[in-house]
There are 2 protein chains.
Amino acid sequence: MSLPRKVRLVEVGPRDGLQNEAQPISVADKVRLVDDLTDAGVGYIEVGSFVSPKWVPQMAGSAEVFAGIRQRAGVTYAALAPNLRGFEDAVAAGVKEVAVFAAATEAFSQRNINCSVSESLMRFEPIMDAARSHGVRVRGYVSCVLGCPYEGTVKAEQVAPVARALHDMGCYEVSLGDTIGTGTAGDTRRLFEVVSAQVPREQLAGHFHDTYGQALANVYASLMEGIAVFDSSVAGLGGCPYAKGATGNIATEDVLYLLQGLGIDTGIDLDKLVDAGLRISEVLGRATGSRVARARSAR
Amino acid sequence: MSLPRKVRLVEVGPRDGLQNEAQPISVADKVRLVDDLTDAGVGYIEVGSFVSPKWVPQMAGSAEVFAGIRQRAGVTYAALAPNLRGFEDAVAAGVKEVAVFAAATEAFSQRNINCSVSESLMRFEPIMDAARSHGVRVRGYVSCVLGCPYEGTVKAEQVAPVARALHDMGCYEVSLGDTIGTGTAGDTRRLFEVVSAQVPREQLAGHFHDTYGQALANVYASLMEGIAVFDSSVAGLGGCPYAKGATGNIATEDVLYLLQGLGIDTGIDLDKLVDAGLRISEVLGRATGSRVARARSAR
């Protein structure tokens with residue numbers, strides 16, 4: 001199978017990234033980050049999460065962030081909406097696309113959102129109904145697709161029905177997340193091989209964490225399976241490379257560098273992206289998690 | 001092409017790695033590192049370099065290191081021998097295998113070893129002759145195979161004749177090094193495609209640096225080209241991830257983790273390898289450059 005000619009990068013830094021950073025940042029700094037990403041040509045930005053600030057204090061002020069950003073035509077500005085209340089808040093903030101997430105394993109689902117996998121899927125039904133009536137698109141995430149902190153290795157056959165359920169209930173795309181970063185390239189290929197029998201490849205995305213250094217090899221393996229959408233986080237936000245046990249989001253700069261080397265079009269300007277990542281890293285007072293950004297800064 | 005079933009990892013940490021670390025370490029610590037690697041099941045260790053300590057102070061005492069290590073039967077303990085004087089010192093120290101290196105580009109050759117590529121190859125002739133008469137095997141390195149700090153992008157067609165010359169003069173294996181780490185997976189595949197028309201694949205190795213985060217994806221790309229020998233550096237020695245402009249040797253632990261995930265045999269014990277890397281990192285007073293080691297330490 002030949003590699004895709006175009007790839008869409010889903011920038012999760014402002015949400016998945018900042019949510020997992022130790023310190024909260026201001027609404028103004030979040031707005032600046034999203035605007036910088038827009039200026040760099042990023043076509044899809046997960047801006048925030050409409051969830052109780054009691055649970056995720058870093059995501060407080062998502063409505064203010066949406067109100068403050070400059071929205072460029074053709075760019076998707078999405079938000080996580082874990083429940084109907086969150087969905088309604090998102091719609092009130094003018095959000096046109098939301099994301100929901102389920103886990104591939106029962107243990108992770110129970111410990112993370114306190115219900116079984118099938119219960120979590122049922123809870124999305126009212127969101128899907130509301131989304132249809134508001135003309136809002138819904139993207140689905142499946143976590144722990146290659147490994148679970150409680151159950152260990154996860155089989156592709158366990159992931160496929162969850163991805164299928166999200167697809168069947170109306171998610172236009174399902175992103176498969178290696179949440180703990182333990183997956184390797186061969187398992188990644190097999191994952192997409194098995195899941196694509198249930199959900200068309202064009203509606204699948206890959207979301208890799210670099211905890212074990214495997215993320216970019218997994219992206220390359222996915223490309224060979226015809227996958228053309230990847231989630232990534234500018235500056236590797238969400239996985240500080242210096243912290244013990246960091247979850248390690250793959251850095252958008254490093255994925256983009258690979259894609260450019262392969263001659264695959266994304267519409268993103270690497271120089272501007274690197275600058276956006278260096279700026280937010282400075283705000284957070286930490287080094288960038290992107291090796292491309294580090295190498296370029298050192299020149 | 002199916003992936004190789006077995007891979008040989010050439011451990012370059014004690015030489016290429018330590019040579020590029022800021023501070024020198026004692027002979028005793030080097031001996032301990034090599035012994036730890038032997039105990040972990042590593043089958044090939046580049047122990048030191050027989051070069052004037054005026055030029056590379058970190059490599060002083062290579063003879064003492066060779067005298068101090070426990071040599072396990074079946075394991076190769078090699079040394080770099082940049083000239084005949086170095087070769088003779090290596091033989092006097094009991095070394096049975098040496099390595100020589102050439103560059104793929106004229107500019108790098110001139111600035112690094114002060115002569116043209118063809119001159120450097122000619123200088124190896126007396127080493128090759130002496131090696132034959134002493135029954136010493138010679139491995140060849142080609143640097144800058146995917147990019148040069150002075151010439152930029154390097155074409156595979158420029159690398160092939162240098163690799164071929166080393167092979168023709170008697171190097172039993174030629175390792176292709178992406179010295180500045182700028183190469184991406186597609187170029188890596190093409191490199192081996194082109195060079196293997198001149199040198200059999202079974203006599204080629206890959207040597208990748210992670211400066212731009214691409215090293216492991218390049219290893220995976222090479223495996224798909226049938227390459228079954230890779231150079232790597234325990235704890236990512238030689239490319240401190242925290243230093244600006246680090247050259248970034250790929251960490252052996254991270255390569256091994258990938259290979260284990262692919263079901264490829266190397267004979268190496270990952271736990272012991274991780275311990276060896278953590279110990280030398282402590283000696284150097286810096287964090288390990290292996291993400292696998294970091295993730296395991298954080299558990």
Side-chain angles (χ1 to χ4, degrees), chain A residues 3 146-147 149 153 180-190 209-224 236 239-248 250-251 253-264 270 287 289-299, chain B residues 3 146-147 149 153 180-190 209-224 236 239-248 250-251 253-264 270 287 289-299:
Chain A
L3 302 183
L146 291 168
T153 304
I180 58 170
T182 53
T184 46
D187 292 333
T188 299
R189 295 196 69 156
R190 190 164 178 281
H209 282 199
D210 207 32
T211 322
Y212 287 74
Q214 308 296 312
L216 209 68
N218 290 342
V219 167
Y220 184 54
S222 307
L223 288 169
M224 285 185 290
C240 177
Y242 304 81
K244 274 202 163 191
T247 46
I250 190 172
E253 298 90 322
D254 300 3
V255 182
L256 180 57
Y257 185 91
L258 168 65
L259 296 173
Q260 287 187 340
L262 294 168
I264 296 173
L270 181 56
S290 157
R291 273 157 290 164
V292 166
R294 278 209 292 276
R296 291 191 157 219
S297 315
R299 285 193 306 201
Chain B
L3 301 183
L146 290 168
T153 304
I180 56 169
T182 52
T184 46
D187 292 333
T188 299
R189 295 197 69 158
R190 190 163 179 281
H209 282 199
D210 207 30
T211 323
Y212 287 75
Q214 308 295 313
L216 209 69
N218 291 341
V219 167
Y220 184 54
S222 307
L223 288 169
M224 285 185 289
C240 177
Y242 305 83
K244 274 203 165 190
T247 47
I250 190 170
E253 298 91 322
D254 300 3
V255 182
L256 180 57
Y257 185 91
L258 168 65
L259 296 173
Q260 288 188 340
L262 294 169
I264 295 172
L270 180 56
S290 157
R291 273 156 292 166
V292 167
R294 278 209 292 276
R296 290 190 157 219
S297 315
R299 283 194 309 202

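Lettering of chains follows the sequences in order, A, B, ..., and the numbering in each one begins at 1.
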Give the minimum heavy-atom separation between A217(A) and Y220(B), together with the two atoms involved. O-CD2, 4.2 Å

Classify the ring geometry of Y257(A) against Y212(B): parallel below 30°, tilted from 30° to 60°, perpendicular beyond 60°. parallel

Using heavy-atom distances under 4.5 Å, tell me whether A221(A) contacts chain B through its side chain, its backbone, both, or neither. both

Can you name the nearest heavy-atom pair linking T184(B) to L258(A), along with the distance? CG2-CA, 3.9 Å

Quick one: pull up CD in Q214(A) and CG in L216(B) and give me the separation to the nearest 0.5 Å. 5.0 Å

Please flag which part of T182(B) lies under 4.5 Å from any non-hydrogen atom of chain A: side chain, backbone, both or neither. both

I need the residue from G186(A), G213(A), G261(A) with the largest number of non-hydrogen atom pairs under 4.5 Å to chain B. G213(A)

A293(B) portion near chain A, given a 4.5 angstrom heavy-atom threshold: neither

Please state whether the side chain, the backbone, both or neither of R189(B) comes within less than 4.5 Å of a heavy atom of chain A. side chain

